[in-house]
There are 4 protein chains.
Amino acid sequence: QDKQNERDHRELRIDKVGVRGLRFPIQIRDKAHVLQNTVATIGMYVDLPKEFKGTHMSRFIEVLNAHGNVVHVENITEILHAMQKKLHADTAHLEMEFPFFLTKKAPVSGMEGLMDYTARFDATASGKEIDFVLTVMAAVTTLCPCSKAISQYSAHNQRGTVTVKIRSKQAIWIEDLIALVESCASSELYSLLKRQDEKAVTERAYENPVFVEDLVRNVALKLNAHQDVTWYKVEAENYESIHNHNAYACIEKG
Amino acid sequence: QDKQNERDHRELRIDKVGVRGLRFPIQIRDKAHVLQNTVATIGMYVDLPKEFKGTHMSRFIEVLNAHGNVVHVENITEILHAMQKKLHADTAHLEMEFPFFLTKKAPVSGMEGLMDYTARFDATASGKEIDFVLTVMAAVTTLCPCSKAISQYSAHNQRGTVTVKIRSKQAIWIEDLIALVESCASSELYSLLKRQDEKAVTERAYENPVFVEDLVRNVALKLNAHQDVTWYKVEAENYESIHNHNAYACIEKG
Amino acid sequence: QDKQNERDHRELRIDKVGVRGLRFPIQIRDKAHVLQNTVATIGMYVDLPKEFKGTHMSRFIEVLNAHGNVVHVENITEILHAMQKKLHADTAHLEMEFPFFLTKKAPVSGMEGLMDYTARFDATASGKEIDFVLTVMAAVTTLCPCSKAISQYSAHNQRGTVTVKIRSKQAIWIEDLIALVESCASSELYSLLKRQDEKAVTERAYENPVFVEDLVRNVALKLNAHQDVTWYKVEAENYESIHNHNAYACIEKG
Amino acid sequence: QDKQNERDHRELRIDKVGVRGLRFPIQIRDKAHVLQNTVATIGMYVDLPKEFKGTHMSRFIEVLNAHGNVVHVENITEILHAMQKKLHADTAHLEMEFPFFLTKKAPVSGMEGLMDYTARFDATASGKEIDFVLTVMAAVTTLCPCSKAISQYSAHNQRGTVTVKIRSKQAIWIEDLIALVESCASSELYSLLKRQDEKAVTERAYENPVFVEDLVRNVALKLNAHQDVTWYKVEAENYESIHNHNAYACIEKG
């Protein structure tokens, strides 16, 4: 009564089959060689040859459990190969999305606060080959150059989100990709700003106006100049303070 | 085999039982006496006396279908009484949340665009008595008075959302409640702004800085002065352009 | 002071720039030649040549306003070409996602209720060429063949969502794509079921068990057999009743 | 230029003002006296007397930072009192919502997997008095008694969510509240089930059919019998496998 192992006659290979929406506590090894505790939302998939009726869903969970909860570049490869082996599959996919935290000093007072980001791994093993895409989502300030140019004083500004996906020759730290993105906006964000910091951030944003177009181009320029980055997709979305819709721009490296 | 009508022995009355998360196209009669087409997400509930094991879920849908899709104040009462009758219940609850649209002229060019809001009805019949709460969610611009006061130029500003719930002696138009809210912010929002409009809106916001605290107080003051409003709850949430968290304030009329 | 028209020197073409997250009331012409009112969430983008600093965001709204709110295949092409012209762009993209409703008769009682689906258009004009992808998301019942085979009685079943994206030689009605999907599950869903209908649907699901793998294969088989479909991607996700995570499968036609 | 400390003349006290939507890594001390790492979404508010124009938003973050990230009952009280002191407020509110994990053995194979829940604290200090509400959201299986009674075989079943809020004389462990809820459904959920476990869970659900009404009554009965529980609100929502809307029930203890 192993329904999954029955012969299927529709002659259709399934590209991806598995589990998704699984919440799981993980530890990420960060640049300071510290283990950061967070909670990931996970998807795990394999391909299914046309001969088989079904995959074995419980085995994904067994593989996940067997590899503990410390995630770094090396054990992602191990998890993928374990999925291929346990599920008799050619290709295996692992997706993990999780909040990521950095301690950041306010620009004048130097007071420390924790900033939150979202990071994501999309890893695929095809036979022995590994494809790895790192995604970072960072919120920033954008101040409109047009509004600044035409207005007697002030300019509309707002929170925006930059989503960067990269492939690279060598692993790039989440922290470094965040820093790259934050340097391209009107200002980076902070969780803790005292009065003198708020003044500095307000003025910095006014001195560095960027359209959503500028934001994606600034990030793309820096990624083009990065010797390890082989592919990227940069998206920015501004939650316009004068509209109830958003401004969006995207550049993908061919 | 009518399981629902079986005698229950746990001796526990259920406060609310019914259906929720039902999407349904509706028409709202607006102030200009035009029928506005939109799509509501609906919840319908009744109480269940301790004697009965279950309610009859399909009857909620039958009541909804029987009353067509034109919603105005009068037929909400009809729907509630039909629920009471059809489900043999003392109390009946109807919730509807839906996008609501207003044509708005840009402040200088006069060009027209459609602004979207979210409105919500929470209506309850207890015997013959009707309780009706109208909710409006409107997005606005807020510009920080502190940032303006301390900075050499500019001020951080952002999109914020004001959520107002009211009870009133007579029905108040959604349009009027939206106008009341929008007049309390640094600026209202627009879907279509040409260059000269963007200049006007940028400068208006700078001339009218409001904290999230000012925003809820301004709305509360106007609701206190409104002769028909008997209860309100005002909440505002600013998606701060310098932080990745939000500022929030709330006043409820005792 | 037209900042957007300034010469940009970063030498980076932007793939997509525009507005998103815009709610807008639309009318969809359906198969019965009736106009169905609904509310879309819209994105509109163009490419931006490397010479220009910015696009003109207000023009997207002007194009949308100029083309009214009745959407059918012909005026999507018109909207795309109007975007290209008004924004001096080679490529234009229009995305619309909206609830779509169908009246459905219960299988035994014949009583009518309204079922809700989500549909989506992704249309692109590159010069004169139009690429059009239709997406339909339909919720269905899935009953697990393994659970049925190994259990003394019953089988776990649950709501699942099928998302189908297609390209086709000629326009395919949303209604027809929904019907195709619903015929591939253990049972279709209904908004209104009386007792005899519930019995029929329960038994039908038990007689037609499908894994998430079967579901995507059944849909893919039918799309392979459809003479107008040139490309598809079929995804299914089951909100497993025995787990707190979901089962997922996907087939894309090369 | 301390705008926040200016005298306000609108004579309106603000009930709650502060920060929300703040993601923050925390540690929860669980019943096994182990520290569980997770990520909370936090809201922190105080009241604002009518004399003052604004609160000092950065101080909320300072209080949070000062109290580290280990959360147990005692330091919630400390955080609240620190907020009152630092912000010169009579009342202080702290909200934290976070994923919570339990290792659970499959019913037959005994294999272990991690189940995820959502927990929430809503704590308020009014002067020296503390009000504490614990919320647990647990997903379960529900199998319909009516469908079972009328159908020749099988019964529709689905994932449902139970949300329980309690006040109690003494702190109640999250684990104990989860166990109480899970014992009231047709079956509890598991992350890892092998074939023999799936059989057991399928049959157990069929042997224990519950309406959404039964589910809330079962939980309410057990809470009524619990000597430490002084107030509760129990809500259940079933993601019906035969409909695209949900069934809902709610009981609140007077």
Side-chain angles (χ1 to χ4, degrees), chain A residues 1-4 6 8 10-24 41-45 48 50 52-55 57-58 60-61 144-150 209 211-214 216-218 220-221 224 233 235-237 239-240 243-252, chain C residues 1-4 6 8 10-24 41-45 48 50 52-57 60-61 144-150 209 211-214 216-218 220-221 224 233 235-237 239-240 243-252:
Chain A
Q1 273 179 341
D2 187 345
K3 298 297 288 183
Q4 285 89 346
E6 286 178 6
D8 202 88
R10 278 163 295 198
E11 302 295 322
L12 280 165
R13 177 185 176 273
I14 293 180
D15 296 315
K16 282 183 176 185
V17 56
V19 296
R20 67 156 46 172
L22 187 83
R23 292 198 294 182
F24 204 80
T41 302
I42 294 180
M44 302 172 82
Y45 319 104
L48 185 72
K50 61 182 178 7
F52 296 106
K53 185 169 168 64
T55 191
M57 296 287 181
S58 63
F60 293 97
I61 311 296
C144 178
C146 171
S147 171
K148 175 178 173 176
I150 62 180
F211 284 126
V212 71
E213 294 93 329
D214 293 313
V216 293
R217 275 175 167 153
N218 290 345
L221 260 191
N224 281 342
K233 184 176 182 181
E235 296 176 280
E237 186 161 358
Y239 309 106
E240 301 286 292
H243 298 303
N244 201 22
H245 58 259
N246 305 332
Y248 172 86
C250 169
I251 298 180
E252 182 171 346
Chain C
Q1 274 179 338
D2 186 345
K3 297 298 288 183
Q4 285 87 347
E6 286 178 7
D8 202 88
R10 278 163 295 197
E11 303 296 320
L12 280 165
R13 177 184 176 275
I14 294 179
D15 296 315
K16 281 183 175 185
V17 56
V19 296
R20 67 156 45 173
L22 187 82
R23 292 198 294 181
F24 204 80
T41 302
I42 294 179
M44 303 172 81
Y45 320 102
L48 185 71
K50 62 182 177 6
F52 296 106
K53 185 169 168 63
T55 191
H56 292 84
M57 296 285 182
F60 293 97
I61 311 296
C144 178
C146 172
S147 171
K148 176 178 172 176
I150 62 180
F211 285 126
V212 72
E213 294 93 329
D214 294 312
V216 294
R217 276 174 167 153
N218 290 345
L221 260 191
N224 281 342
K233 184 175 182 183
E235 295 176 282
E237 186 162 358
Y239 309 106
E240 301 286 290
H243 298 302
N244 202 21
H245 57 261
N246 305 330
Y248 171 85
C250 169
I251 300 180
E252 182 172 346

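Residue numbering restarts at 1 for every chain, and letters A, B, ... go by the order of the sequence lines.
We find the CD1-CZ distance between C:Ile251 and A:Arg10 to be 8.5 Å, quoted to the nearest 0.5 Å. Taken to the nearest 0.5 Å, the CZ atom of A:Phe211 stands 8.0 Å off from the CD atom of C:Glu6. With rounding to the nearest 0.5 angstrom, the CE atom of C:Met44 is 10.5 Å from the NE2 atom of A:His245.
Proximity to chain C (any heavy atom under 4.5 Å) is restricted, for A:Ile61, to the side chain, taken from C-beta onward. Contacts between A:Phe52 and chain C at a heavy-atom distance below 4.5 Å involve the backbone alone (N, CA, C, O). Proximity to chain C is limited to the side chain of A:Tyr45, based on heavy atoms less than 4.5 angstrom apart. For chain C, the nearby parts of A:Asn246 are the backbone and the side chain; heavy atoms of each come within less than 4.5 Å.
Closest non-hydrogen pair, C:Cys250 versus A:Ile14, comes out as O-CG2, 3.6 Å. The nearest pair of heavy atoms linking C:Leu12 to A:Ala220 is CD1-CB, 3.9 Å. Shortest non-hydrogen contact noted between A:Lys3 and C:Cys146 is CG-CA, 3.8 Å. When all heavy atoms of C:Arg217 and A:Lys53 are compared, the pair lying nearest together is NH1-O, 3.5 Å. A pairwise comparison of heavy atoms in C:Thr55 and A:Glu213 identifies N-OE2, 2.8 Å as the closest pair.
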### Message
Under the criterion side-chain contact (heavy atoms from CB on, under 4.5 Å), I'd like the reasoning laid out for C:Val216 against A:Val17: C-alpha separation, chi angles, the key distance, then a yes or no.
### Response
CA-CA 10 Å; C:Val216 294; A:Val17 56; over 6 Å; no

### Query
Would A:Glu11 and C:Leu221 satisfy side-chain contact (heavy atoms from CB on, under 4.5 Å), going step by step from the backbone distance to the final call?
CA-CA 9 Å; A:Glu11 302 295 322; C:Leu221 260 191; over 6 Å; no

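Taking C:His243, C:Glu237, C:Glu235 one by one and counting their heavy-atom pairs under 4.5 Å with chain A, the maximum is reached by C:Glu237. Chain A forms the most heavy-atom pairs under 4.5 Å with one residue out of C:Asn244, C:Ile42, C:Asn218, and that residue is C:Asn218.
Remark: C:Thr41 engages C:Arg23 in a side chain to side chain contact (heavy atoms under 4.5 Å, CB included) (not counting sequence neighbours). Residues passing the side chain to side chain contact (heavy atoms under 4.5 Å, CB included) test with A:Ala247 are A:Val212, A:Asn238, A:Glu240, C:Met57, sequence neighbours excluded.
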